[in-house]
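Presented below is the structure to which this report refers.
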Amino acid sequence: MESKDDQFSEKPLFTSLLLKWFEQNARKLPWKEGKDPYQIWVSEIILQQTRVDQGLPYYHRFISQFPTIFDLAKAHEDHLMEVWRGLGYYSRVRNMQITARLIVENYNGKFPADRNELIKLKGIGPYTAAAMLSFAFNQPFAVVDGNVVRVLSRISGVKKPYSSPEGRKLIEQKAEQYLDKTNPGIYNQAILDFGATWCTPQKPKCSTCFFKENCDACKNEIVHLLPVRKQKLAKKTRYFIFFLIYDESGQLALQKRSDKDIWRSLYELPQIELTDFEENNVKEALAGYLKNNFNHFIPTCHFLQQSFQLLTHQKINARFYQLNGFQTIQSAEYQFNFVNIKNLCKFAFPKIIEKFLKSINIIHC
DNA sequence: AACCCGGGGAT
DNA sequence: ATCCCAGGGTT
């Protein structure tokens, strides 16, 4: 009686309040019903980077198609993909079958209750291992997923991104500190449900939160700023000038891009890259290019058009010029090749090049 | 450490 | 459009 109270009061305040919150607010989810490691594993893999609402119907279908790990191990790949279709991240299900076969072969169909063993399995990383160990085997491992990072960042005011070594250390330390080691499964479920339904990314329910008096982010009114995400690299802006060059027989000059940069191994027009499109800079670059590459007979140079392309990490500015009066005899050491424009369809171009070639009506595919 | 994998819901 | 989701594998 007294020991029970002592035990309760020894828990961190956050832990006690979270467990109390969970008593009233637990989500009912099918994989919480039993403690079958196989079903828990299936649910955790499905829920990687996937919302519960989205994954739920897939979970039911998966379990009905592959009720045991033996069914999964001997399933045909087409059947797997049919069940997984539309869920995304398809390597998840391929890795599942690799792991299922290994578990059947080496472990008689039963997952080992050992983190060092689980973590070796395809598709099981730190999160999924902790989830399986705590949910199925009641071992004291704290889950750390997007929900947990958000909750802990806010209540503890962690301003380092989880992706940084310092941020990761802080969060993992807090996760370990708050974990209820006597009931790790319950605690982990609680913090996941709390993150998913209360301490949400947008519009968290701070005004009715059990922890608002103690939450660092809430007290300092920086909830909306946490967690700090890894800074996306600023979009680099690049400036290319592409040259449309025909030889005497009407063939077009192309060159292949290197393996290092964007558009690797695609084809493009002969090109120079500038630091900007400031007028004098462009003039100098053009003059230099013509002088260095066509020193016996300088072609004339006409501006055709300008265009833009937005990539994930880069903003591309492109200008296109046509060079007239090119003479093949001087081309021996050029890095580009001349291609019959009838064959242009065979080459893979960056979107911005393809768009240009279509705009001047020399490819149609 | 950076990049890749993906469809979908919320804003 | 952008963010983010019960992350993990590869290079």
Side-chain angles (χ1 to χ4, degrees), chain A residues 22 26-32 39-59 62 81 83-99 118-136 141-154 160-168 171-172 175 184-205 224-236 259-264 310-315:
Chain A
F22 189 58
R27 290 186 292 185
K28 292 198 197 77
L29 297 171
W31 46 86
K32 293 184 183 177
Q39 295 190 9
I40 289 169
W41 172 59
V42 170
S43 73
E44 292 305 336
I45 301 295
I46 287 178
L47 292 174
Q48 287 171 3
Q49 294 292 287
T50 306
R51 287 167 204 279
V52 168
D53 291 343
Q54 186 188 358
L56 201 45
Y58 285 87
Y59 173 79
F62 197 98
M81 300 315 285
V83 173
W84 206 265
R85 181 175 53 203
L87 197 51
Y89 287 146
Y90 298 91
S91 66
R92 285 186 291 179
V93 73
R94 281 190 290 271
N95 286 337
M96 278 179 93
Q97 192 173 43
I98 293 171
T99 289
L118 287 181
I119 206 89
K120 291 182 197 161
L121 300 170
K122 280 274 190 196
I124 298 184
Y127 167 80
T128 304
M132 293 177 70
L133 288 163
S134 63
F135 297 153
F141 291 91
V143 293
V144 178
D145 75 330
N147 291 306
V148 174
V149 171
R150 184 170 57 257
V151 170
L152 296 182
S153 293
R154 286 174 175 170
K160 301 281 188 184
Y162 179 65
S163 57
S164 71
E166 309 96 295
R168 181 179 307 260
I171 295 294
E172 280 170 356
I186 304 282
Y187 170 87
N188 280 337
Q189 295 283 6
I191 195 168
L192 291 175
D193 280 9
F194 176 65
T197 65
W198 227 266
C199 194
T200 49
Q202 319 295 334
K203 308 206 172 191
K205 301 175 179 171
H224 60 294
L225 298 177
L226 297 181
V228 174
R229 291 276 169 184
K230 78 173 162 216
Q231 61 291 8
K232 312 196 186 239
L233 332 46
K235 274 199 166 87
K236 189 180 170 190
D259 283 342
K260 283 300 189 184
D261 204 354
I262 54 169
W263 302 322
R264 65 180 181 200
L310 207 53
L311 280 60
T312 312
H313 298 303
Q314 301 189 17
K315 272 179 73 175

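So that the names make sense, note that chain A is the first sequence line, chain B the second, and so on, each numbered from 1.
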- A/Q54 side-chain proximity, nearest of C/dC5, B/dG7, C/dG8: B/dG7
- If you draw a 6.0 Å radius around NZ in A/K160, do more than 12 non-hydrogen atoms from other residues or ligands fall strictly inside? no
- Rounded off to whole Å, could you give me the CD-to-P distance for the A/Q48 and C/dG9 pair? 8 Å
- Base, sugar-phosphate alone, or nothing: which one does A/W84 contact when heavy atoms must sit under 4.0 Å apart? nothing
- Item | Where A/R154 and A/T200 come nearest, the two heavy atoms and their spacing | NH1-O, 2.8 Å
- Item | Heavy-atom donor-acceptor pair, A/R27 side-chain to C/dA6 base, under 3.5 Å | yes
- Item | Listed nucleotide nearest any side-chain atom of A/L192, set C/dG9, C/dG7, C/dA6 | C/dA6
- Task: Could you tell me whether a side-chain N or O of A/N188 sits under 3.5 Å from a main-chain N or O of A/F141, the two making a donor and an acceptor?
- Result: yes
- Task: Could you state the atom-to-atom distance from CZ of A/F22 to P of C/dA6 in whole Å?
- Result: 15 Å
- Message: Taking C/dC4 as the reference, what is the distance to B/dG6 when you measure between their C1' atoms (whole Å, please)?
- Response: 13 Å
- With rounding to whole Å, what would you report as the distance between C/dA6 and B/dA10 at their P atoms? 13 Å
- Separation of B/dG7 P from A/Y89 OH (nearest whole Å): 10 Å
- Task: May I ask you to check whether A/Y127 and A/Q48 show a side-chain donor-acceptor distance below 3.5 Å?
- Result: no
- Query: Would one find a side-chain N or O of A/R92 under 4.0 angstrom from OP1 or OP2 of C/dG7?
  - Reply: no
- Can you check the A/Y58 OH to C/dA6 C1' distance for me, whole Å? 17 Å
- Message: Side chain of A/T128, heavy atoms from C-beta onward: which of B/dA1, C/dC5, C/dG8 has the nearest atom to it?
- Response: C/dG8
- Note on the structure: Rounded to whole Å, CD1 of A/I98 lies from P of C/dG9 at a distance of 10 Å
- Query: Counting any heavy atom closer than 4.0 Å, what does A/I124 reach on the DNA or RNA strands: base, sugar-phosphate only, or nothing?
  - Reply: sugar-phosphate
- Item | Interatomic distance, A/M96 CE vs C/dG8 P [rounded to whole Å] | 13 Å
- DNA chain C nearest-nucleotide lookup for A/S43 and A/L121: closer to the 5′ end is A/S43
- Task: For A/D145 and C/dA6, give me the distance from atom CG to atom P, rounded to whole Å.
- Result: 7 Å
- DNA chain C nearest-nucleotide lookup for A/Q189 and A/N95: closer to the 5′ end is A/Q189
- Message: If the cut-off is 4.0 Å, is A/R150 near the phosphate of C/dC5, judged by side-chain N/O to OP1 or OP2?
- Response: yes
- Message: On DNA chain B, compare the nucleotides closest to A/Q202 and A/G88; which residue's is nearer the 5' end?
- Response: A/G88
- Note on the structure: Of A/Y90 and A/P165, the one whose closest nucleotide on DNA chain B sits nearer the 5' end is A/P165
- OP1, OP2 of C/dC5 versus side-chain N and O of A/Q49: anything below 4.0 Å? no
- For the atom pair OG1 (A/T128) and CD (A/E44), what is the distance rounded to the nearest 0.5 Å? 6.0 Å
- Task: For A/Y162 and C/dA6, give me the distance from atom OH to atom C1', rounded to whole Å.
- Result: 13 Å
- Message: Taking only side-chain N and O atoms of A/R229, does any of them lie within less than 4.0 angstrom of OP1 or OP2 on C/dT2?
- Response: no
- Task: Choose from C/dC4, C/dT10, C/dG8 the nucleotide whose nearest atom is closest to any side-chain atom of A/K122.
- Result: C/dT10
- Determine yes or no for a side-chain-to-main-chain donor-acceptor pair under 3.5 angstrom, with A/T99 supplying the side chain and A/M96 the backbone. no
